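In what follows, chains are A, B, ... by sequence order, proteins preceding strands, each numbered from 1. Every value quoted in this text rests on a predicted model; they were computed, and no experiment measured them.
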Amino acid sequence: MSGRYEPQPQLAGSEQGGSPDGRGAVRMVPEEEVRSYYGRPVLKEPVWTWEVPLYLFAGGMAGGSSLLSLAARAGGNHTLARRALLVALGGATASPVLLVSDLGRPERFYEMLRVFKPTSPMNLGTWVLSAFGATTGAAVAGDILGIFPRATRLSEVASAVLGPALSTYTAVLISDTSVPVWHAARRELPFVFAASSMASAGAAAAILTSPEDAAPARRLTVGAALVELGLTEVMKRRLGDLVAEPYEREEAGRLDKLSKSSTTVGAALMALAGRRRPAAVAGGALILAGAVLERWAVFRAGFQSARDPKYTVVPQRERLRDREGA
Amino acid sequence: MSEATGEANVIPGSGGVSDAFNIEGRDVPESRPVIPLGQKTYDGEEQPRMGFFTDTTVCIGCKACQVACKEWNEVPDTIGELTGTSYDNTGALGADNWRHVAFIEQRKEVFVQQEAGLGTPAVEGEPDFRWLMSSDVCKHCTEAPCLDVCPTGSLFRTEFGTVVVQEDICNGCGYCVPACPFGVLDRREGDGRVWKCTMCYDRQKDGMEPACAQACPTDSIQYGPLEELREKANGRLEMLVEAGAEDARLYGANEQGYGMGAFFLLLDDPEVYRLPPDPEVVSRRFASLWGSAAVAAGAMIAGVAAAFVGGSR
Amino acid sequence: MDIGSNMAENHPVGFQWVMEARMRGATVIHVDPRYTRTSAVSNMHVPIRAGTDIAFLGGMINYILENDKYFEEYVKAYTNAPVIISEEFRDAEDAGGLFSGWDPESGSYDTETWQYAGMEAQGASGQREQGGATGEQAHYAQGGDLEQGMPPERDETLEHPRCVFQILKKHYRRYTPEKVEEITGISRDLFLKVCEKVCENSGRERTTSFAYAVGWTQHTVGVQNIRAAAIVQLLLGNIGRPGGGIMALRGHASIQGSTDIPTLFNILPGYIPMPHAHAHQNLTTFVERNAAPSGYWGNMKAYTVSLLKAYWGEAATAENDYCFDHLPRLTGDHSIYPAIMGMVDGWCKGFFVMGQNPAVGAANGKLQRLALANLDWLVVRDLVETETASFWYDGPEIETGELRPEDIGTEVFFLPAASHVEKEGSFTNTQRLLQWRNKAVEPEGDCRSELWFMYHLGNKVREKLAGSEDPKDRAVLDLAWDYPVDEEAGVDEPDAHSVLREINGWDAENNALPGYTSLKDDGSTSCGCWIYCGVYADEVNQANRRKPASEQSWVAPEWAWAWPMNRRIIYNRASADPEGKPWSERKKYVWWDEEQEQWTGHDVPDIQATKRPDYVPPDDATAEDAIRGDRPFIMQADGTGWLYVPAGLTDGPLPTHYEPEESPFENALYGQRANPARQRFLRDDNPYNPSGGQPGVEVFPYVLSTYRLTEHHTAGGMSRSTEHLSELMPEMFCEVSPELAEKVGLNNGGWATIVTTRAAIEARVLVTDRLAPLKVQGEETYLVGMPYHWGSKGVVKGDSANDLIGLSLDPNVHIGEYKVATCDIRPGRRPRGPALVEFVEDYRRRAGARRVGVNEGGGS
Amino acid sequence: MGIRDLIPSWPVMQQLRGGDRLALGKAARSSRQAELKPRTAGADEVVKSICPYCAVGCGQRVYVKDGEITQIEGDPDSPISRGRLCPKGAASRNFVQSPLREYRVKYRRPHATEWEELDLDTALDMIADRVIKTRGETWEDEDEEGRHLHRTLGFAHLGGATLDNEENYLIKKFFTAMGAIQIENQARI
C-alpha cells in the first residue's frame with residue numbers, strides 16, 4: 001500500500017509517554033515494520049506474583065533432592081540420603097503454601113483437585129505435588145521413627161520417581177502459554193530446569209552434610225551447574241535474537257546476569273574448596289541463589305515478552321512469510 | 001518455528017495455513033462443520049455451535065455492544081482518563097471489558113466503488129482517509145488454550161460450543177491469562193477471579209440473542225449458528241472484493257486456520273486491530289511440551305546416578 | 001445525503017436504515033466540517049466550512065437550473081415556479097445582499113413587496129400586523145381569494161422574467177462551482193460529483209432524501225438553510241414521495257411533540273399562532289388575519305374554537321368569544337433568550353426549569369447563570385441535580401469569585417422527577433409518530449411526573465385564588481382542570497390517558513373524535529390539539545398500538561399513530577402525477593383508483609379521499625375544497641410547494657448566503673456580510689468576536705463548532721449520570737488537525753485552552769486528521785471541534801463548550817447560532833480563580849470586543 | 001450434602017464414567033451453570049416502553065421483578081428500531097437507577113450555602129405562593145395604548161422536549177391561563 005500512514009506513533013505519545021499530559025510529541029518518527037494498535041500489547045501479561053518463581057525453585061530442588069536421596073541410599077550413604085530427603089520434604093511443604101498464596105481466591109485452592117485434567121500442566125502438577133508430598137512425608141517419618149521399613153523404602157522410591165517429574169513439569173507449565181519467550185523455549189526449558197534443580201539439590205545437600213559424606217552432592221552440584229549455564233545459552237540462541245531479547249533487557253536482563261555470575265562463582269568454590277565446610281556452605285548458597293535468580297529471570301522475561309506487541313507480531317509475521325514462500 | 005505444522009499432535013491447521021490471510025470467498029475451501037472438543041460430551045443436550053460474525057465494514061463505533069454487555073452481565077465500570085487514542089477510551093478487552101471497540105485512523109489510499117458501501121472514493125485532490133472501527137470480543141476458539149490449561153475445570157465448553165468461565169469455580173490461579181493468544185482473559189482487581197465474554201450463556205439457554213448482538217444498531221455484530229454465519233461472511237467478502245475492497249479479509253472464519261467461534265471481517269492487517277496475525281493453539285503441542293520434559297526427567301536420573309560414579313562418599 | 005447532521009453518531013439506530021440502503025446500493029453522502037463516524041461509513045465525505053450551507057445548496061440549485069436537471073412536470077404542477085411576483089420586488093442580487101423592503105432603522109424587512117402579483121394587499125396586511133412571523137407560522141394568510149385555487153398571475157412556460165422560476169435562476173446564477181469552492185472550501189470536483197450523484201438519483205424512478213439536524217438549524221440562517229434544501233428537493237421532485245423528503249433528525253425524545261403541543265411562546269397547540277396584542281381584537285379578526293380562506297388553514301376557526309373549549313370547557317361560549325380574551329397577548333419576541341436577559345435585568349423574577357439544563361446546554365453559559373443568580377425563585381425538576389440547580393454553589397462563577405453563594409438571593413426548589421419508566425405518556429418521535437410508554441414501576445420517594453406536578457400545582461393555585469373577583473384570575477378559575485387520578489399508586493397521579501383523550505377531543509355527546517375533519521367552529525367540539533385529533537379515535541389509545549412489524553406491511557401503519565390522520569408520509573399525493581398515476585412502478589405509494597373513484601395506496605392518502613385529480617374548485621369554495629385535485633400541498637393556500645416564499649419569513653423570500661455572526665471571512669458574494677435581519681443582543685454581557693473585515697479579527701483566528709457524541713446526551717444530565725456512558729468518554733476534549741496542533745503547539749492527549757470574548761475553557765486535545773484544514777478565499781482555515789456535554793456535576797466533570805458561544809439568533813424562530821463561532825486556542829490548562837476573568841478581559845481588550853457594530857446588522 | 005452425594009457429583013467421577021474424559025465439557029460444568037437461567041426469565045411483567053434519549057423513538061422492553069427493573073432492552077417488534085439500541089438506550093437501566101438520582105426535595109433559601117430538606121407538599125404550596133405573588137406584581141392588563149395584554153412577563157418556563165405530550169399540554173394550558181407567555185423548550189424550530 002503506497003502512502004501508508006500510521007496514526008499510532010503520533011498518538012502513541014500519550015500511551016508510552018505515560019501520563020497523558022501530552023509529553024508525547026505531536027508527531028514522532030513512525031516505527032517501521034511493526035504495525036500495532038497504538039503500541040498496545042496483543043497478549044495480557046501474566047498476573048502471577050513473586051511466589052511463582054520461588055515455587056519453581058523450591059519444587060525443582062525438592063524433586064532433585066528426593067532423587068539424590070534415593071541414589072545415596074542405594075550407595076549406602078545414609079547420612080546424605082537422610083539430609084537430601086529432609087530437603088525434599090522442606091521443598092514439598094513450601095511449594096503448596098507458595099502456590100495457594102498466589103491464587104486470586106486462596107480459599108478455593110481445593111478446586112485444583114476437582115478434575116483430573118491431562119491438558120492442564122498445573123492440574124497434573126498439583127496431583128504430582130500432592131503425591132510427592134505424601135510419599136516424601138511418609139518416607140521421612142518412617143526413616144526417623146524407624147518403623148515400617150518396607151513401606152518406608154517404597155515411599156522413598158515413589159518419591160524419587162515423582163521427583164524428576166516435579167522438577168521438570170514446571171517448565172511445561174510456563175511454556176504452555178502464548179508468551180513468546182516461554183512457549184518458543186518449550187524444548188529447552190525442561191532441561192534448564194532439570195539441571196538447575198539438580199544443582200540446587202546437590203548444593204542444599206552439600207550445605208547440610210559434613211564434607212566427608214557430601215562428595216557425590218558436590219560432584220552433582222558442580223556438574224549440573226555447568227550444564228545449567230550451558231543450556232541457558234543454548235536456549236537463548238535457539239530462541240533467536242528478537243524473542244530472546246527480554247533476557248538482555250530491563251529486569252530479566254539484570255537477573256539473568258546476576259544468576260550467571262552467582263552460579264559460576266558458586267560452582268568454582270564448590271569444585272576447588274568444597275572439602276572445607278565453610279567454602280561448601282558459601283558455594284552452595286551461591287548456587288542456590290543462582291538457581292532462584294535464574295528462575296526469576298525466566299519469570300520476568302515472560303512479562304516483558306508479553307508486554308511488547310513486537311514479540312508477538314514479528315515472529316508470527318515471519319512465520320506467515322515463510323509459509324507463503326513455501 | 002517451522003515445526004508448527006510438522007508436529008504430530010498439533011491439530012490440523014493450528015498455526016498452519018493462516019485464515020487471516022487466506023481470503024475465503026476467492027478460492028472457497030468448504031469449511032467442514034467442527035464440533036469442538038467438549039461439546040460432544042453433551043450427548044443429546046448439545047446445540048448447534050453458535051458464534052459471532054463481526055462485520056467491521058458496517059461498524060459505526062457507537063459502542064452499544066459495550067454498554068449492552070455491561071448492562072446485561074453487570075460488568076463493573078472503570079472510569080479512567082481520556083486516552084488520546086481516537087475515540088477509544090477503554091483500551092482493550094479484559095475482565096471489565098468483554099466487548100471492546102477499536103478506532104483506527106488511517107491516511108491511506110482508499111479507492112472503493114460505492115457499491116461496496118465503503119470508505120471514500122478517491123477524488124482528485126481530496127485527502128484519502130479512513131476511520132476503521134471494530135468491536136472485538138472473546139474468540140470462543142475451536143481449540144482454546146485457556147480452556148485446556150485451566151486446572152480447575154472452571155473454564156468449560158458449553159453445549160453451544162462456546163468457552164465459558166464459571167465464576168463459582170474459578171480460584172484465580174491466573175493460568176488462562178497468559179495462555180490466551182488474544183489477551184482476552186484477565187483477573188479482576190479485588191475480585192481475584194478471571195472474567196470474560198460468555199456469549200451470554202444464560203440468554204442462549206433461553207433462546208435469546210446475546211446482549212451485544214441484539215443491541216448492535218447496524219448489525220455489525222451478527223449472532224447465529226456458526227456454519228450459517230461463515231457462509232454469510234464469505235458472501236459478504238466476495239461482494240466487497242468484487243467492489244474493489246482489496247484489503248478485505250476474513251479473520252478466524254476458517255477451520256483450516258485457527259478456528260474461532262467469533263470471527264471478523266477486517267479491512268487491514270489483524271495486528272492493526274490488536275489481533276495476532278497468526279495465532280497458535282499452544283496447548284495442543286503435547287509432543288514438544290511433555291516430550292522434552294520426559295527426556296529431561298530421565299536425564300536427571302542419569303545425572304544423579306553419574307554423580308555417584310566416583311563412589312557414594 | 002446527510003448534511004448538517006451526524007446521523008450515525010447521534011441517531012445510530014435510525015442509521016441502520018441508511019446502512020441497509022447502502023448495502024442495497026444507495027449512495028450515502030455526508031457533508032460535514034468534520035470527518036465523523038457518519039463519514040466513516042458513507043460513500044463520500046464532503047468537508048464544508050461551518051456555516052456556509054446556503055452557498056453549497058445554492059450552488060446545487062444553480063447546477064440543477066443551469067443544466068436543466070429539474071423534474072419539469074413536478075415543478076410546473078406542484079410548485080409555485082410559474083407564479084408571477086409583484087413588480088416592486090427587488091432581489092438581493094440587485095441590492096448587495098438586501099431584498100426590497102429593508103428598513104435600516106428597525107433592522108427588519110417590510111415584506112409587502114415580496115407578494116404574488118395581483119394580491120399584495122391581503123398577504124401583506126396579515127404580515128405586518130403579525131409583528132414578525134415565525135417559522136411555525138409560515139402558513140400565514142397568504143393568498144386571499146384564489147380563482148379556482150390558483151394565484152392570479154402565472155406563466156406556465158416559466159419564461160416570464162418575474163415568475164418564480166426566473167427569479168430563482170437569477171438569484172443563484174452567481175453560485176457557481178468556483179464560488180462554492182471559494183466560500184465553502186469544497187473542491188470544485190467534489191462539489192460537481194455530489195451534484196451529479198444527487199441529480200442522477202432523482203426523477204420518476206429514483207428519489208433522494210436529505211437528512212439534517214441542528215447542524216443546519218442552529219445558525220443565524222437556520223430556517224433559510226432548510227428552505228434551500230426544500231428548493232433543491234422541490235426542483236428534483238423529491239417531496240411527498242417514498243425515499244424522498246427532508247428529514248429533521250431531532251435530538252430529544254419528544255422535541256417534535258413539544259412543538260406540536262408547544263411549550264413555545266409564539267404558538268398554541270397545532271401551530272395556531274398566539275394572538276398579538278394589537279392585531280387581534282377578537283376571535284374573528286384573529287382567524288381572518290392568520291388563516292388563508294383556502295387550504296386546510298381555512299378551518300382555523302374550528303381548530304381554535306375547539307382548543308378554547310378544551311382549555312375553558314363550559315366557560316367558553318359563543319357569547320364570550322369562547323374565552324378568546326383569556327389568552328395572553330404577544331408584543332414581540334418573548335422567547336427564552338429575551339426572558340434570560342429579563343432575569344439579568346430583573347423584570348423576570350421566577351423560573352421553572354423542567355428536564356432541561358440551560359446552565360450547560362445554552363449559549364453564553366455565564367449569562368445564563370448570572371440570570372439564575374438574579375431570580376427571586378427558581379424551580380428545577382430533573383432526575384439528577386443538574387448544574388442549573390447547583391449553579392449557586394459550584395458554578396464556574398463561584399470558582400472565579402465573581403459570585404458568592406452568600407450574595408445570591410435566588411430561592412431554589414429542586415424537585416426530583418419520575419423517569420420514563422416511572423410514568424406513562426406519549427412521545428412524538430422525529431417522524432411525527434406518537435408512541436405510548438406504559439409505566440413499569442412506581443416512582444420512589446418524592447419523585448413525580450411533570451403531569452403530577454402541573455396538575456397539583458394547578459389545583460393549589462386554583463384553591464388559593466378560589467372566590468377571587470379579580471378579572472385576571474377568571475382565566476385560571478374558568479379552566480377545565482379536572483382529571484381523574486389513580487389512587488392505587490398512592491400519589492394521586494393524574495391519568496395520562498384522559499389527558500391524551502382531551503387532546504384528541506370529543507363531540508357534543510362526549511364521544512372521542514375520529515379526526516380533525518370533524519371539528520366545528522360552533523363550540524360543539526372540543527380538541528386540545530387539532531393535528532393530534534384521531535389519536536384517541538374509537539376511544540382507543542392509538543399511540544399504544546404495538547402490532548409487531550413482522551405482522552404488517554413495510555409502512556407499518558398499525559404501529560403507534562402518526563399525525564395527521566396516521567399519515568406516514570405527508571403531502572404523499574405528490575407521489576402520483578397530476579393525473580393521479582404513480583410517477584413510476586418502482587416509486588408507487590398512493591394513487592387515484594378510477595374504479596373505486598377514490599385515492600388508495602400503501603399509506604393514508606394526504607388529500608380528501610374522493611377528490612378527483614382533475615377537480616377544479618368553484619369560486620365560492622373555501623378551505624380544502626378551494627384546492628385543486630392536482631395540488632398536493634394542501635396546507636398551502638395555493639396547494640403548491642413554495643420555491644419562493646412570499647410571506648411567513650422575516651429574512652427574505654429566497655435563501656441567500658450570509659456569513660455567520662462570527663466568521664474570519666467577509667461575504668464573497670455580497671456587500672452585506674451576515675444575515676441583516678438576524679437577532680442580536682448588544683450588551684456588555686453578550687459581546688461578539690470581531691469578524692472578517694473588522695478590526696481585531698486576528699485575535700480569534702479559528703473557527704469553532706460544537707456538537708454531540710454518541711456516548712453522551714446534550715447537556716449531560718442523562719449521560720454523565722451513568723457510569724456505563726461516562727467511562728466511554730470520560731473527559732471534555734477538543735479536536736484539532738495535526739496542522740493546527742503544529743501551528744500552536746498542541747500535544748495529543750495534552751491540554752488546551754479555548755478562548756472567546758465570552759469565556760475561556762480547558763479541554764484535553766485530540767489531534768486528528770478527521771478535522772482537515774480547508775482552503776477558503778485563498779487561506780487555510782482551521783476548525784476547533786468541541787462536544788458540549790460536560791459540566792460541574794456528574795460521574796465525570798469538565799468545562800462547558802457552550803460557555804464560549806455568544807447569543808445571536810435566527811430571526812424567524814429565534815434559535816441560537818451554536819454551530820459556529822470564532823475562537824483562539826493555546827496549549828496548557830486555563831488560569832484558575834480570578835486570574836481567569838483577567839485572562840478573558842485581556843482578550844476582549846485586544847479584540848476591542850464589540851457590542852459595537854450596532855449598525856453592522858444594517859448592511860455595512 | 002453428604003459424602004454419599006458428594007462423591008458421584010465430583011467431576012473426576014463423572015470423567016471416569018466416561019463421556020467427557022478430558023473434563024473439557026459437561027463433566028466440568030457446575031450444577032449452578034447447568035441450571036442457569038437469564039434473569040429476565042423470572043420477570044413478573046415485561047412493559048413496553050420507548051427510549052427516553054433521542055427522537056428516533058426506539059422500542060424498549062422493561063423487565064420488572066418485585067417492583068424492581070431488572071433489565072431494559074430493545075423491542076424487536078418495533079418497525080423503527082427492530083430491537084436495537086444505541087449505547088445511550090442500552091444504558092437506560094443504568095440511568096434510571098443512577099447513583100446520582102435524587103429522591104427527595106431539596107430547598108435552598110436565599111443567600112444560604114447549603115441545601116435543606118423540604119416536604120413535597122410544603123414545597124408545592126410554597127411554589128404556588130411564589131407564582132401567585134410574582135404574577136400579581138408583574139401583571140400587565142393592557143399596554144400604554146390600552147390594548148388588551150392580560151399577561152405576565154414575571155416568570156418563565158423552560159423545558160419540554162424531554163417530556164411527554166400530555167405533560168407539555170398541561171404546562172402550556174395552565175401557564176397560558178395564568179397569563180404567562182414565556183413558555184419555552186429546547187425546540188426552537
For [X], which atoms come within 4.5 Å of any heavy atom of chain D: side chain, backbone, both, or neither?
| X | answer |
| --- | --- |
| C:Trp559 | side chain |
| C:Ala417 | backbone |
| C:Gln256 | neither |
| C:Leu479 | side chain |
| C:Val379 | side chain |
| C:Ala560 | neither |

Contact winner vs chain D - [options], heavy-atom pairs under 4.5 Å:
| options | answer |
| --- | --- |
| C:Gly445, C:Gly355, C:Pro358, C:Cys348 | C:Cys348 |
| C:Thr263, C:Ile261, C:Ile336 | C:Thr263 |
| C:Val353, C:Val795, C:Leu725 | C:Leu725 |
| C:Gly409, C:Pro443, C:Ser550 | C:Gly409 |
| C:Ala480, C:Pro416, C:Ala389 | C:Pro416 |
| C:Ala549, C:Pro494, C:Pro328 | C:Pro328 |

[X], part contacting chain C, at a heavy-atom distance under 4.5 Å:
| X | result |
| --- | --- |
| D:Thr138 | side chain |
| D:Val47 | side chain |
| D:Val64 | side chain |
| D:Asp119 | neither |
| D:Glu142 | neither |
| D:Val62 | side chain |
| D:Leu85 | backbone |
| D:Ile132 | side chain |

Could D:Glu140 and D:Arg151 be called an ion pair, given the rule that one side-chain N must be under 4.0 Å from one carboxylate O?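 A salt bridge is present here (some side-chain N lies under 4.0 Å from a carboxylate O).
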
Ion pair C:Glu444/D:Arg101, N-O distance below 4.0 Å: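 Here C:Glu444 does not pair with D:Arg101 in a salt bridge, since their nearest N and O are not under 4.0 Å apart.
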
Without hydrogens or angle criteria, can the side chains of D:Glu166 and C:Ser426 be said to hold a donor-acceptor pair below 3.5 Å?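 Indeed, the side chains of D:Glu166 and C:Ser426 share at least one donor-acceptor pair under 3.5 Å.
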
Within a strict 4.5 Å, meaning less than it, do heavy atoms of the [X] and [Y] side chains meet?
| X | Y | answer |
| --- | --- | --- |
| C:Arg437 | C:Lys423 | yes |
| D:Lys173 | C:Met454 | no |
| C:Tyr532 | D:Tyr169 | no |
| D:Asn185 | C:Leu264 | yes |

Answer yes or no: are there more than 12 heavy-atom neighbours, outside D:Glu116 itself, under 6.0 Å from its atom CD?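 Check passes, neighbour count above 12.
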
Sole candidate of C:His712, C:His713, C:His252 that passes ring-ring contact (aromatic ring centres under 6.0 Å, His included) when paired with D:Tyr53: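 That would be C:His713.
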
Can you tell me how the ring of D:Phe155 sits relative to the ring of C:Trp377, calling it parallel under 30°, perpendicular over 60° and tilted otherwise?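 If you compare the ring of D:Phe155 with that of C:Trp377, the planes turn out tilted.
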
